[in-house]
K.L.:
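If you scroll down you'll find the structure; I have some questions about it.
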Amino acid sequence: MTFRRSVLSRRGFMALGGATAALGAIPGLAQAAGPSLAALAKAKGLRFGSAVSAGPPGSNTGTLDDPGYSRVLVDECGVLVPENELKWYVLRPDAKTFAFERADRIAAFAKAHDMALRGHTLLWHHPKWFPAWLQHYDFGKGPAAAKTAEGLLVDHIAKVVAHYPQIDSWDVVNETIDPKDGSIRHTVFSDAMGQEHTLDTAFHAARAAAPKARLVYNDYMGWEAGNEAHRAGVLKLLEGFRKRGTPVDALGVQSHLGTEDPAAPGSLGKPQEKAWRAFIDEATGMGYDLLLTEFDVNDRDMPADVAARDAAGAALAKAYLDLMLDYRQTKEVLAWGMVDKYSWLQGFTPRKDGLPKRATLYDDAYKPTPLREAVAAAFQAAPARA
Ligand code: 9MR
């Protein structure tokens, strides 16, 4: 059986009828009952999808290469987003080269399965995530430095956006606000061009290259206590964009939920619903749409017992999604991965008991979890939007 046939759509799967035995070797036969998440979302004017990863052609290192995973994608998603493949550290081995091969594989998969594609991200404006050659790039001095820096940034954005005309929604700038004090981060670009001009330039370049795409500022300020300075910094940034006429259409709310034990190192506190609504009201009041771009649940501080843990994660997710989907401005929901074992959260803030996390919508046997049902129920309960 070819790879393509192993990821048949739900309809194709049903149409096969007696051929299910042939699919027996593929994990994930326990499909979710009822309509797909993409269909439930679409019925309310929303898009649902997931992040996916891809190694170089011929390798087997991305989630795309796992037939069980890609079958879940085909079954559930209307849109995909490359998890890392459009980041500078993957795309740009040096100042001259563009390495599109890995992202191309995801783009081709989305096209073959009639799924939309989001782009993440044209400028992760944080020096830590720049490739080494760019971290200390010498743009020279004075006005000439600003011009050279602008040239490199605009060229990158123009070429990457033009390479993927199918991408209709872009995280143009990612995580430029320092959560500690709400300030804009410094990078080689902002040292040469100024902070606001760097960010504005990125959005103008994206708009020029993709006049119809949704252009997004994406960040992880969340509803938990401890995010106050981060939220304030993001609002200030959004206000500045509006004042300067920067073409930004939406705020990407990453929506990594969980880690609420204030006693645990590096963790945040309980959700602050009132302050969170005020934050979202301000953003939408400025005319921004909302996207939930990287949804998952960090169950580090939840019970070890699987049923109790799943119930806690699902309840948290349902409460959050109900709140967010009540805003008609919320247009897309993207899960940051669909199968627990591949989640970035497995390596981030591990549980004290060492148990693997149950952070995504499908478990390691490719079976839908209560978190998947919470997302489905939230879509069903959501008001329709245009
Ligand atoms: O899930 C991503 C992980 O595989 C990468 O190693 C990491 C660094 O590039 O980025 C992770 O995704 C991040 C996303 O790009 C931006 N928001 C936070 C996400 C989780 O760290």
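Order of listing sets the numbers, starting from 1, for every ligand and every atom in it. For the numbers below, each heavy atom of this structure counts, side chains included, while hydrogens, waters and symmetry mates do not.
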K.L.:
Looking only at protein heavy atoms, which one is nearest to atom 12 (O) of ligand 1, and how far off is it?
P.N.:
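Ranking protein heavy atoms by distance from atom 12 (O) of ligand 1, first comes Trp336 NE1, 3.2 Å.
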
K.L.:
Output yes when the distance from some N or O of ligand 1 to some N or O of Glu294 is under 3.5 Å, and no in every other case.
P.N.:
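Yes.
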
K.L.:
Can we call the ring centroids of Phe189 and Trp88 under 6.0 Å apart?
P.N.:
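Yes, close enough.
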
K.L.:
What protein heavy atom lies closest to atom 14 (C) of ligand 1? Include the residue and the distance to one decimal.
P.N.:
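Scanning the protein heavy atoms, the shortest distance from atom 14 (C) of ligand 1 goes to His120 NE2, 3.4 Å.
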
K.L.:
Counting from 1, what ligand 1 atoms have a heavy atom of Gln254 closer than 4.0 Å?
P.N.:
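Listed by number with element: 17 (N), 18 (C).
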
K.L.:
As an exercise, identify every atom of ligand 1 less than 4.0 angstrom from a heavy atom of Trp129.
P.N.:
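In order of number, 8 (C), 9 (O).
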
K.L.:
Report the part of Asn84 in contact with ligand 1, treating N, CA, C, O as backbone and CB onward as side chain, heavy atoms under 4.0 Å; options are side chain, backbone, both, neither.
P.N.:
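Just the side chain.
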
K.L.:
Which protein heavy atom lies closest to atom 1 (O) of ligand 1, and at what distance to 0.1 Å?
P.N.:
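Heavy-atom neighbour on the protein nearest atom 1 (O) of ligand 1: Glu83 OE2, 2.4 Å.
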
K.L.:
Find all atoms of ligand 1 within a distance of less than 4.0 Å from any non-hydrogen atom belonging to Trp344, and give their numbers and elements.
P.N.:
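The atoms of ligand 1 under 4.0 Å from a heavy atom of Trp344 are 1 (O), 20 (C), 21 (O).
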
K.L.:
Side-chain heavy atoms under 4.5 angstrom apart, residues restricted to Ile, Leu, Val, Met, Phe, Trp, Tyr: same cluster for Val248 and Leu251?
P.N.:
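Val248 clusters together with Leu251.
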
K.L.:
Please name the residue in the list Phe295, Tyr220, Trp344 that meets the ring pair (Phe, Tyr, Trp, His ring centres under 6.0 Å) test with His256.
P.N.:
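Running ring pair (Phe, Tyr, Trp, His ring centres under 6.0 Å) over Phe295, Tyr220, Trp344 with His256 returns exactly one hit, Trp344.
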
K.L.:
I need the nearest protein heavy-atom contact for atom 11 (C) of ligand 1: residue, atom name and distance, please.
P.N.:
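Checking every protein heavy atom, the shortest distance to atom 11 (C) of ligand 1 gives Lys87 NZ, 3.7 Å.
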
K.L.:
Distance check, rounded to the nearest 0.5 Å: Ser59 atom OG versus Arg102 atom CZ?
P.N.:
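CZ of Arg102 is found 7.5 Å from OG of Ser59.
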
K.L.:
With a 4.5 Å heavy-atom cut-off, do Lys212 and Asp168 have their side chains touching?
P.N.:
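No, every pair of side-chain atoms sits at 4.5 Å or beyond.
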
K.L.:
Kindly indicate whether the side chain of Ser343, heavy atoms from C-beta on, has any atom under 4.5 Å from the side chain of Asp340.
P.N.:
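The answer is no, as the side chains (C-beta and beyond) never meet within the 4.5 Å cut-off.
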
K.L.:
Test Thr121 against Asn218 for side-chain hydrogen bond (donor to acceptor under 3.5 Å, both in side chains), laying out the working first.
P.N.:
CA-CA 9 Å; Thr121 165; Asn218 191 49; over 6 Å; no

K.L.:
Taking Tyr342 as the fixed residue, which of Tyr362, Trp336, Tyr69, Tyr366 is the one that meets the ring pair (Phe, Tyr, Trp, His ring centres under 6.0 Å) rule?
P.N.:
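Exactly one pass, corresponding to Tyr69.
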
K.L.:
Can Leu80 be reached from Leu291 by stepping across I, L, V, M, F, W or Y side chains whose heavy atoms are under 4.5 Å apart?
P.N.:
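Leu291 does not cluster with Leu80.
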
K.L.:
Is Phe348 in contact with ligand 1, taking contact as a heavy-atom separation below 4.0 Å?
P.N.:
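No; Phe348 lies far enough from ligand 1 that no heavy-atom distance drops under 4.0 Å.
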
K.L.:
Note the single closest protein heavy atom to atom 16 (C) of ligand 1, along with its residue, its atom name and the distance in Å.
P.N.:
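Answer, as residue, atom name and distance: Glu175 OE2, 3.0 Å.
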
K.L.:
For ligand 1, which atoms sit closer than 4.0 Å to a heavy atom of Tyr89?
P.N.:
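Numbered from 1, ligand 1 contributes 8 (C), 9 (O).
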
K.L.:
Short list, please: which atoms of ligand 1 are under 4.0 Å from a heavy atom of Asn174?
P.N.:
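Under 4.0 Å from Asn174, ligand 1 has these atoms: 16 (C).
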
